[in-house]
Enquirer: 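Here's a structure for you.
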Protein chains: 2
Amino acid sequence: MATSTRVDSVSIPSVSELPHWQEVRAPHGLGYRIRLMAQLMSRLFQEKLDPYDLTPFHWVVLCCLWEQDGQATSHICEKLKQVGGTLTGVIDRMEERNLVRRERDPHDRRIWRIWLTETGRELETVLPPLALEVREVAFAGITEAEQKLVSDVVDRAIANLAHP
Amino acid sequence: MATSTRVDSVSIPSVSELPHWQEVRAPHGLGYRIRLMAQLMSRLFQEKLDPYDLTPFHWVVLCCLWEQDGQATSHICEKLKQVGGTLTGVIDRMEERNLVRRERDPHDRRIWRIWLTETGRELETVLPPLALEVREVAFAGITEAEQKLVSDVVDRAIANLAHP
DNA sequence: CCTAAATACTACGCACTCTAATCATCTCTA
DNA sequence: TAGAGATGATTAGAGTGCGTAGTATTTAGG
């Protein structure tokens with residue numbers, strides 16, 4: 001512990017004393033591997049969505065709207081922690097595919113509310129099982145206790161990163 | 001456990017009996033949250049890389065080359081589990097920034113080998129501490145035992161997804 | 001040898017992602 | 001009640017990321 005530095009209440013070890021599993025360099029670093037895991041899940045999910053001409057992002061927006069229809073664009077951004085500019089393009093393409101439609105809020109004309117079409121609503125019976133399939137592949141052989149702990153750690157990490 | 005289905009050796013519960021923490025729908029689903037965690041880490045890392053006009057992907061390729069210089073494009077793809085077409089563009093931009101240069105393999109002229117420039121090599125003393133900073137923010141307050149378990153689960157998930 | 005298949009990479013089109021700049025609308029205050 | 005500032009959303013431009021198709025180059029089979 002000769003070369004540690006103490007900042008606030010967090011002990012930061014020097015790189016040389018990090019054990020192997022927490023080396024920061026890609027592709028061994030945990031950061032890269034978490035990113036890769038998410039990427040591989042996306043690839044698999046995309047395969048399952050291909051027949052419907054949808055993308056994983058469309059799924060995510062649909063989930064928001066199934067929970068509550070007619071949300072403002074900014075509400076969806078907030079819920080998903082996505083950047084506004086990104087959503088504009090995604091919703092454009094969802095509108096082209098007739099999954100949603102935009103409508104101005106009558107009380108505040110700055111706000112555009114996003115509403116499900118019949119097509120968009122009907123997908124609620126089709127898509128969740130596909131998402132579950134991806135989950136089952138990814139977490140095969142991983143116990144519920146382990147999944148619970150990962151879920152917990154992920155939530156804390158997101159909170160750490162939300163306002164660093 | 002009335003509505004479970006048994007397929008091979010994996011028990012697949014129906015959606016209705018899933019506990020809250022493993023609901024599949026975004027943004028509550030673990031899949032989305034893992035993706036979000038990776039995304040937030042990337043955003044923070046990008047901020048730290050801005051002064052150097054680099055991106056997280058450049059970091060990743062540099063890590064590969066620091067480990068072994070002069071690798072074939074396909075070796076880098078394999079190590080990073082990335083798609084070939086993606087690497088072409090990234091390496092183009094790295095070449096423009098004078099981080100690497102391409103050279104044909106004299107024994108097999110189909111192969112392009114990627115070599116670090118002096119600039120690319122010198123960044124090895126600068127960038128790893130930045131990556132470590134991101135890690136420290138993300139995993140603040142998370143014990144080493146918890147990190148070890150997450151690392152472990154992530155590896156198993158990647159293996160599950162590699163050839164599904 | 002000489003052609004067919006395999007290999008390494010590039011080109012292109014579409015989709016996502018980010019930042020910064022812009023536009024429209026609303027709100028608050030002098 | 002004008003005008004300044006805040007807010008909601010879009011646009012523009014660069015950089016991933018993926019699949020498909022295409023170009024060299026090498027290897028293998030006859």
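Here is the naming used below: chain letters follow the sequence lines, and residue numbers restart at 1 for every chain.
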Enquirer: Is any NZ, NE, NH1 or NH2 atom of the basic residue among K48(B) and E133(B) found under 4.0 Å from an Asp or Glu carboxylate oxygen of the other?
Expert: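 Salt bridge flag = yes for E133(B) with K48(B).
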
Enquirer: Look at all strands and tell whether T86(B) reaches a base, only sugar-phosphate, or nothing, counting heavy atoms closer than 4.0 Å.
Expert: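 Touches a base.
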
Enquirer: Contact class for T88(A) vs. all strands (heavy atom < 4.0 Å): base, sugar-phosphate, or nothing?
Expert: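 Base contact.
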
Enquirer: From C-beta outward on R97(A), which listed nucleotide comes closest to its side chain: dA15(C), dT19(C), dC18(D)?
Expert: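 The answer is dA15(C), which lies nearest to the side chain.
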
Enquirer: Considering every strand and a 4.0 Å limit on heavy-atom distances, what is the contact class for Q46(B): base, sugar-phosphate, or nothing?
Expert: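 Contact class for Q46(B): none.
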
Enquirer: Go nucleotide by nucleotide along DNA chain C from the 5' end; which of D53(A) and D92(B) gets its closest nucleotide reached first?
Expert: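 Between the two, 5'-proximity favours D92(B).
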
Enquirer: Taking for each residue the nucleotide of DNA chain D bearing the nearest heavy atom, is the 5' side occupied by G84(A) or by E96(B)?
Expert: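 Of the two residues, G84(A) wins.
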
Enquirer: Any side-chain donor paired with an acceptor under 3.5 Å for R33(B) and S151(A)?
Expert: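 The answer is yes; a qualifying pair exists.
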
Enquirer: Are a donor atom and an acceptor atom from the side chains of E122(B) and T119(B) found within less than 3.5 Å of each other?
Expert: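 Note: E122(B) and T119(B) side chains miss the donor-acceptor criterion.
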
Enquirer: Whole-Å distance between dC16(C) C1' and I91(A) CD1?
Expert: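 These atoms are roughly 14 Å apart.
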
Enquirer: Taking salt bridge (Lys or Arg N to Asp or Glu O under 4.0 Å) as the definition, give me every residue that meets it alongside R93(A), ordered by chain and number, with sequence neighbours left out.
Expert: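 In terms of salt bridge (Lys or Arg N to Asp or Glu O under 4.0 Å), with neighbours along the sequence ignored, R93(A) is linked to no residue.
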
Enquirer: Give the rounded distance in Å between these two atoms: CZ of F57(B) and C1' of dC16(C).
Expert: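 From F57(B) CZ to dC16(C) C1': 15 Å.
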
Enquirer: Test: salt bridge (Lys or Arg N to Asp or Glu O under 4.0 Å). Region: residues 56-81 of chain B. Which pairs qualify, not counting sequence neighbours?
Expert: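 Found E67(B)-K79(B), D69(B)-R121(B).
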
Enquirer: Using a 4.0 Å cut-off on heavy atoms, which residues in residues 63-76 of chain A reach DNA chain D? List them by number, or say none.
Expert: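 A72(A), T73(A), S74(A), in order of number.
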
Enquirer: Can you tell whether the side chains of E23(A) and R135(B) come within less than 4.0 Å, N to carboxylate O?
Expert: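 No, no charged N to carboxylate O under 4.0 Å.
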
Enquirer: Considering heavy-atom distances to DNA chain C, does G85(B) or E47(B) have its closest nucleotide positioned more toward the 5' end?
Expert: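 Looking at the nearest nucleotide for each, G85(B) comes out on the 5' side.
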
Enquirer: Can I158(B) be reached from V150(A) by stepping across I, L, V, M, F, W or Y side chains whose heavy atoms are under 4.5 Å apart?
Expert: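 Shared cluster, yes.
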
Enquirer: Give the rounded distance in Å between these two atoms: CG of L87(A) and P of dT10(D).
Expert: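 Value for this atom pair: 9 Å.
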
Enquirer: Can you pull out the residues from residues 98-115 of chain A that lie within a 4.0 Å heavy-atom distance of DNA chain D?
Expert: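 Listed by number, they are R102(A), R110(A), I111(A), W112(A).
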
Enquirer: Taking any heavy-atom pair under 4.0 Å as a contact, classify R93(B): base, sugar-phosphate, or nothing.
Expert: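 Base, at least one base atom sits under 4.0 Å.
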
Enquirer: So does R102(A) pair up with E95(A), basic N to acidic O under 4.0 Å?
Expert: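 Yes, charged N to carboxylate O under 4.0 Å.
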
Enquirer: So, OP1 or OP2 of dC16(C): does either fall under 4.0 Å of a side-chain N or O from Q82(A)?
Expert: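 It does not, given that no N or O in the side chain of Q82(A) lies less than 4.0 Å from OP1 or OP2 of dC16(C).
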
Enquirer: Could you tell me the separation between the CE atom of M94(A) and the P atom of dA15(C), rounded to a whole number of Å?
Expert: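 For the pair M94(A) CE and dA15(C) P, the rounded distance is 13 Å.
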
Enquirer: How many whole angstroms separate atom CG of D50(A) from atom C1' of dT20(D)?
Expert: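 The answer, rounded to whole Å, is 13 Å.
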
Enquirer: Measuring from the side chain of H58(B) (C-beta onward, heavy atoms only), which nucleotide among dG19(D), dT16(D), dC16(C) has the closest atom?
Expert: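 Nucleotide nearest to H58(B)'s side chain: dT16(D).
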
Enquirer: So, using side chain to side chain donor-acceptor pair (under 3.5 Å) as the criterion, who are the partners of Q39(A) when residues are at least two apart?
Expert: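 Q39(A) satisfies side chain to side chain donor-acceptor pair (under 3.5 Å) with R35(A), Q82(B) once adjacent residues are dropped.
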
Enquirer: Within this structure, what is the CD-to-P distance between Q39(B) and dT19(C), rounded to whole angstrom?
Expert: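 Computing the Q39(B):CD to dT19(C):P distance gives 10 Å.
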
Enquirer: So, using salt bridge (Lys or Arg N to Asp or Glu O under 4.0 Å) as the criterion, who are the partners of R109(B) when residues are at least two apart?
Expert: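 R109(B) satisfies salt bridge (Lys or Arg N to Asp or Glu O under 4.0 Å) with no other residue.
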
Enquirer: Please report the distance, rounded to the nearest Å, between CG in L49(A) and C1' in dC16(C).
Expert: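 So the CG-C1' distance, L49(A) to dC16(C), works out to 15 Å.
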
Enquirer: Using whole Å, what does the distance between atom C1' of nucleotide dC18(C) and atom CG of L36(B) come to?
Expert: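 Answer to the nearest Å: 15 Å.
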
